[in-house]
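Data first, discussion second: the structure below is written as structure tokens.
We use all heavy atoms of the structure for the numbers below, so side chains are in, but hydrogens, waters and symmetry mates are not. Sequence lines set the chain letters: A, B, ... in the order given, protein chains first and strands last, and positions in each chain run from 1.
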Protein chains: 2
Amino acid sequence: MPIFAHVCNLHNMQAKPTIKDIAKALNIHHATVSRALRGDSRISEETRKKVMDYATSIGYVVDQNALNFRNKTINNIAVIVPNISHNIFSSFISLITDLANKEGLTVSVFQSKEQFDIEAKVIKTIVRQRVGGVIASISNETRNGKHFEELREFGIPLVFFDRVCEDLNTSKVLVDNFEGTMQAVGYLIEKGYRRIAHVTGQQAINVFRERHQGYLKGIELAGLTYKESIVIEKDFEIADGEKAMLALLNKDEKPDAIFSDSFVLSAGVIKQCRQSGIQLPDELAMMTITNDPYSSLLVPSQTVLEQPLEELATSAFELLMKAMNEASNQPGIEIRHHAFRLIERESVK
Amino acid sequence: MPIFAHVCNLHNMQAKPTIKDIAKALNIHHATVSRALRGDSRISEETRKKVMDYATSIGYVVDQNALNFRNKTINNIAVIVPNISHNIFSSFISLITDLANKEGLTVSVFQSKEQFDIEAKVIKTIVRQRVGGVIASISNETRNGKHFEELREFGIPLVFFDRVCEDLNTSKVLVDNFEGTMQAVGYLIEKGYRRIAHVTGQQAINVFRERHQGYLKGIELAGLTYKESIVIEKDFEIADGEKAMLALLNKDEKPDAIFSDSFVLSAGVIKQCRQSGIQLPDELAMMTITNDPYSSLLVPSQTVLEQPLEELATSAFELLMKAMNEASNQPGIEIRHHAFRLIERESVK
DNA sequence: CTGTTAGCGCTTTCAA
DNA sequence: TTGAAAGCGCTAACAG
């Protein structure tokens with residue numbers, strides 16, 4: 001239960017000047033003030049200047065809430081991610097914020113903490129807020145998109161990125177997980193590795209399933225037999241990477257390369273290798289999805305498949321703007337795919 | 001110039017049910033509906049149930065915008081940070097988001113990108129939005145808090161954290177930079193280091209100035225003479241850390257320990273050391289402010305002064321709530337200090 | 001060029 | 001226990 005009031009009470013604050021205050025002071029009608037302020041061409045230059053000057057002098061600032069309310073317009077969007085503090089999501093939010101602000105939109109952030117219940121609650125909040133649009137990446141626990149339907153009912157456009165609800169007919173921004181992983185596995189094989197293991201996530205989530213399928217395809221294409229994978233079910237922590245590596249080391253046949261679906265997991269793998277005395281990259285090669293700012297600082301520096309975050313954010317924002325500027329009866333669904341970029345470093349020899 | 005419309009046009013979307021729709025369908029007055037929905041005790045149980053059931057059946061959701069507008073209340077807060085994607089800030093935002101959502105408040109995020117002009121623009125946007133309150137950490141370029149004054153004029157409470165405007169009489173949440181750094185330098189001296197250099201930021205910003213003063217005090221207390229510092233003026237990048245280290249190596253007397261004000265800078269220092277063949281930690285000890293999730297993964301793992309982020313976020317949020325629930329004529333300013341926590345790892349022997 | 005009027009969705013007096 | 005009326009700040013249609 002909230003320990004503070006739900007909302008900020010502004011009743012006893014000094015009154016902020018409104019167009020009516022300006023109108024009264026200048027002996028004109030507040031509609032005229034409104035028009036002058038918005039630069040309506042029919043207003044005389046004289047009146048316009050008078051209004052502008054007075055408005056500035058008393059520190060008038062338009063009330064965006066009243067404006068939105070009156071016009072049935074909304075100037076903010078919501079971003080829902082599993083975890084705001086994870087670099088990939090905070091970088092994404094940073095990019096979206098810049099794009100949105102440039103368009104006069106503000107950005108509200110929400111996180112599901114990888115929990116379905118929180119995600120559902122967040123959506124309810126967003127509907128109440130009547131935001132203009134939503135960009136979302138789903139939680140690990142999410143199995144279908146029913147809870148997102150309410151957005152559509154309220155005409156709130158929705159764009160998914162990266163982790164998506166496949167059962168929902170909305171715009172989506174995706175990375176070519178299957179292709180990328182398959183090629184990455186091919187790259188490792190080309191470099192001479194033969195026992196490649198895959199550390200991945202929930203197979204119910206599109207990104208991890210596609211990557212695993214890409215991994216299997218890559219192995220199959222090369223006619224190899226070794227395939228081992230460790231699936232981390234919950235949120236990725238460093239400890240999960242350690243455990244995954246330990247599990248792989250305890251198998252009869254040990255891997256000579258790891259393909260990891262996350263920087264955090266790779267960090268754990270490295271940690272475990274240090275503890276187990278495995279020499280990197282000599283005894284074990286590593287390849288990771290996502291180019292974290294610190295991928296190049298690990299020892300050995302990590303060869304990665306970089307997600308083109310800027311492209312993802314730009315696409316997601318463009319698709320959302322498209323949806324927001326369209327009538328709700330013209331869906332205008334679009335699905336965009338972006339390719340990974342291979343960055344070669346020391347973790348693969 | 002924006003390439004999209006500034007706002008989302010909802011005119012041609014299906015109408016969302018309002019209390020009037022419910023009233024009409026049930027042949028009662030919309031005021032009654034309003035009361036029933038909010039559980040007003042004067043409404044008969046029969047009417048209440050009828051209204052509730054019908055509201056649910058047609059998917060009625062209160063319009064928070066209209067509510068805020070009508071009640072002159074606001075249920076969202078803004079957070080301004082230099083850069084959303086920097087771990088310390090995204091972690092902070094993550095914590096604030098959780099606290100705020102628990103109170104029924106949403107969080108809008110803004111970033112200054114370390115630029116004064118953007119910071120000033122962001123504040124104007126926030127005033128227009130009439131948010132309920134603001135939590136901010138200032139940009140490297142900010143020299144005074146004049147541009148924040150408008151918030152006060154509009155009765156919008158403001159709480160600073162970490163990097164603050166010292167000329168502004170607002171609530172602030174601070175870390176004991178002077179004390180912490182002084183003690184950290186003492187710790188290094190105790191470990192036998194005698195030539196400790198400081199890699200820091202803009203001395204106009206409270207945190208960096210206080211840390212540098214703490215550094216100097218620590219040196220002075222031990223009666224040492226070596227003091228070298230490199231000041232990074234702009235946003236911290238890995239390259240800045242590299243350059244700083246290079247500069248220190250080119251001095252006549254080389255340091256035997258580095259005290260770095262940022263994880264990113266430390267990352268650069270390590271990189272440069274590798275390039276210059278400096279053995280860490282044997283030839284050079286390192287100590288860093290901020291316990292990044294990856295501090296322990298660097299080689300050598302980094303001994304750090306951890307900022308108690310959770311405490312900072314909790315304090316900042318509490319102070320903001322306090323300010324939001326008070327009349328604007330009762331300032332209720334409070335300044336809270338939090339201590340660093342020393343985490344010993346391998347970078348100091 | 002400017003004033004009048006009405007109303008967005010909701011709550012809150014004041015009556016009944 | 002419910003209805004009627006007013007109004008938050010702003011804009012837009014209509015009139016002049």
Between A:Asp98 and B:Lys113, is a side chain to side chain contact (heavy atoms under 4.5 Å, CB included) present by the stated rule, with each step listed? CA-CA 10 Å; A:Asp98 287 344; B:Lys113 297 292 191 83; 2.6 Å; yes
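With hydrogens and angles ignored, a donor-acceptor pair under 3.5 angstrom links the side chain of B:Arg35 to the base of D:dG3.
Atom NZ in A:Lys16 sits roughly 16 Å away from atom C1' in D:dC10 (whole-Å rounding). Atom CG in B:Asp63 sits roughly 19 Å away from atom P in D:dC8 (whole-Å rounding). Atom CZ in A:Arg128 sits about 15 Å away from atom C1' in C:dG9, given to the nearest Å. Distance B:Asp21 CG to C:dG9 P: 8 Å, rounded to the nearest Å. The interatomic distance linking A:Ile19 (CD1) with C:dT2 (C1') rounds to 14 Å, in whole Å. Counting to the nearest Å, the C1' atom of D:dC14 and the CZ atom of A:Arg42 are 10 Å from each other. What separates NZ of B:Lys24 from P of D:dA4 is a distance of 14 Å, to the nearest Å. If you take CD1 of A:Ile43 and C1' of D:dA12, they are 13 Å apart, rounded to a whole angstrom.
Considering B:Val164, B:Leu312, B:Asp162 as possible partners of B:Val173, the one that fulfils the side chain to side chain contact (heavy atoms under 4.5 Å, CB included) test is B:Leu312.
In this structure, the aromatic ring of A:Phe69 is positioned over the six-membered ring of the base of C:dC8, centres within 5.5 Å and planes within 30°.
Other residues, nucleotides and ligands contribute only 12 or fewer heavy atoms inside 6.0 Å of the CD atom of B:Glu310. More than 12 heavy-atom neighbours from other residues, nucleotides or ligands sit within 6.0 angstrom of NZ on A:Lys50.
Along DNA chain D, the nucleotide closest to B:Thr47 and the one closest to B:His30 are compared, and the more 5′ of them pairs with B:Thr47. Comparing B:Ala66 and A:Thr32 by the nucleotide of DNA chain C that holds the closest heavy atom to each, the one mapping nearer the 5' end is A:Thr32.
Under the 3.5 Å distance criterion, the side-chain polar atoms of B:Thr142 are left unmatched by any main-chain donor or acceptor of B:Phe116.
Between A:Lys20 and the phosphate of D:dC8, there is a side-chain N or O to OP1/OP2 separation shorter than 4.0 Å. Neither OP1 nor OP2 of C:dC8 sits under 4.0 Å from any side-chain N or O of B:Thr18. Between B:Ser44 and D:dT1 there is no side-chain polar atom (N or O) within less than 4.0 angstrom of OP1 or OP2.
For A:His29, the listed nucleotide lying nearest its side chain is C:dG3; candidates were D:dA5, D:dG9, C:dG3. Nearest to the side chain of B:Ile28, among D:dG3, C:dG3, D:dC10, sits D:dG3.
Ion pair A:Arg152/A:Glu149 flagged as a salt bridge, since at least one NZ, NE, NH1 or NH2 atom sits closer than 4.0 Å to an Asp/Glu carboxylate oxygen.
Stem analysis of DNA chain D (at least three stacked-register Watson-Crick or G-U pairs, each with both distances under 3.5 Å) gives C:1-16 with D:1-16.
Taking both residues in full, the closest heavy atoms of B:Ser90 and A:Ser90 are given as CB-CB, 3.4 Å, listed atom of the first, atom of the second, then distance. Considering all non-hydrogen atoms of both residues, B:Ile43 and B:Ala36 come closest at CG1-N, 3.9 Å.
Heavy atoms of A:Arg38 sit under 4.0 angstrom from primed sugar atoms or phosphate atoms, though from no base atom.
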